[in-house]
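What follows is a set of notes on a single structure, which appears directly below.
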Amino acid sequence: MRADKPMHRLVLLSALLALALALAPSAQAALARSLVPAGGVVALEEGSGMAVVLSRDGGMYGRVARGRIVVTDFRRGGETEVDLRGCDRRRRVSDVTVVCAGRELRFQIVDGRWRAGIRGAGIDAAAVLDGSLTLAGTRGTYSIDDEDEEPWPRDPQTFALR
């Protein structure tokens with residue numbers, strides 16, 4: 001284990017807490033619940049390719065320099081809070097699924113059970129959740145639960161997050 005691991009985790013959790021302070025009160029409470037130690041911590045940096053996150057409970061935020069985000073809210077009790085910004089093209093494909101495409105996209109997804117599929121370049125994201133992550137790409141690094149950063153796998157690889 002590298003000596004900077006506690007600092008890396010502190011920086012990631014501080015960023016998530018700062019996000020929680022900037023959100024509406026209900027989103028703040030939801031993100032605070034998602035920060036429990038039982039959730040897996042994910043960091044994606046400068047990725048190019050595909051990332052699919054399936055959350056049974058948790059939160060994620062990030063940006064995409066160029067690409068598309070598809071978010072599905074599998075309603076379970078309260079609704080998931082989804083904030084997509086910078087969409088050049090936005091369309092609702094069903095009652096529970098929305099697609100956002102363009103450049104300099106920003107997103108936040110908090111609470112509930114949801115799926116986010118991200119395709120594109122310049123994918124940066126942080127998440128704390130219970131679920132799974134599937135990655136495939138040609139660039140970028142990822143880290144799960146404060147392990148060392150790894151390059152994105154070229155072939156799809158799925159990781160359990162708890």
Side-chain angles (χ1 to χ4, degrees), residues 11-137 140 142-145 152 156-162:
V11 169
L12 179 60
L13 290 176
S14 295
L16 285 170
L17 287 172
L19 171 66
L21 293 174
L23 298 172
S26 61
Q28 289 176 14
L31 189 55
R33 281 195 310 273
S34 74
L35 293 175
V36 296
V41 178
V42 175
L44 306 176
E45 296 180 18
E46 287 302 313
S48 288
M50 174 271 304
V52 178
V53 178
L54 179 61
S55 174
R56 288 183 287 275
D57 198 14
M60 179 171 81
Y61 73 97
R63 68 172 276 283
V64 180
R66 184 184 74 249
R68 155 182 141 143
I69 304 168
V70 179
V71 179
T72 301
D73 173 11
F74 304 111
R75 296 197 175 131
R76 177 192 67 179
E79 291 185 29
T80 300
E81 295 190 33
V82 178
D83 183 14
L84 301 171
R85 296 179 188 209
C87 306
D88 294 332
R89 294 172 311 282
R90 182 184 186 127
R91 68 184 169 100
R92 183 163 288 283
V93 262
S94 72
D95 287 345
V96 296
T97 303
V98 64
V99 178
C100 171
R103 293 181 177 275
E104 294 307 320
L105 305 175
R106 306 267 185 230
F107 63 92
Q108 299 175 98
I109 310 166
V110 181
D111 207 10
R113 190 169 172 254
W114 49 267
R115 177 184 184 273
I118 305 167
R119 286 191 179 274
I123 300 170
D124 293 310
V128 177
L129 53 89
D130 177 18
S132 66
L133 166 68
T134 301
L135 281 179
Y142 72 94
S143 175
I144 298 174
D145 292 333
W152 280 33
Q157 188 172 351
T158 301
F159 307 91
L161 306 171
R162 291 185 174 80

- request: With sequence neighbours left out, write down each residue that passes side-chain hydrogen bond (donor to acceptor under 3.5 Å, both in side chains) with Ser48, or none if nothing qualifies.
  value: none
- request: Decide yes or no on side-chain contact (heavy atoms from CB on, under 4.5 Å) for Ile118 and Phe107, but give the supporting numbers first.
  value: CA-CA 11 Å; Ile118 305 167; Phe107 63 92; 3.8 Å; yes
- request: Would you please test Gln157 and Leu135 for side-chain contact (heavy atoms from CB on, under 4.5 Å) and show each step?
  value: CA-CA 5 Å; Gln157 188 172 351; Leu135 281 179; 5.7 Å; no
statement: Closest non-hydrogen contact found for Phe74 with Leu54 is CE1-CD1, 3.9 Å
Partner residues of Thr158 under the side chain to side chain contact (heavy atoms under 4.5 Å, CB included) criterion, sequence neighbours left out: Ser132, Thr134
statement: Exactly one of Leu161, Leu129, Val53 clears side chain to side chain contact (heavy atoms under 4.5 Å, CB included) with Val42, and that residue is Leu161
- prompt: Quick one: CZ on Arg115 to OG on Ser55, what's the gap to the nearest 0.5 Å?
  reply: 12.5 Å
task: Can you see which heavy atom on Asp145 is nearest to which on Gly40, and at what distance?
output: OD1-CA, 3.3 Å
- request: Applying side chain to side chain contact (heavy atoms under 4.5 Å, CB included), name anything that partners Leu105, two or more places apart in sequence or on another chain.
  value: Val64, Ile69, Cys100
- line: Residues passing the side-chain hydrogen bond (donor to acceptor under 3.5 Å, both in side chains) test with Arg63, sequence neighbours excluded, are Asp124
query: Is the backbone N or O of Arg162 less than 3.5 Å from a side-chain atom of Asp130, with the two atoms forming a donor-acceptor pair by type?
result: no
- request: State, to 0.1 Å, how close Tyr142 and Phe159 come at their nearest heavy-atom pair, and which atoms those are.
  value: OH-CZ, 3.3 Å
field: 4.5 Å side-chain heavy-atom contact, Asp111 and Glu81
entry: no
- request: Just grab all the disulfide (SG to SG under 2.5 Å) pairs involving residues 39-74, residues at least two apart or on different chains.
  value: none
- prompt: Do Met60 and Val71 come within less than 4.5 Å of each other through their side chains, counting heavy atoms only?
  reply: no
query: Is Ile123 close to Trp152 at the side-chain level, that is, under 4.5 Å between some pair of heavy atoms?
result: yes
- prompt: Tell me, which pairs form a salt bridge (Lys or Arg N to Asp or Glu O under 4.0 Å) where one or both residues lie in residues 85-99, sequence neighbours left out?
  reply: Asp83-Arg85
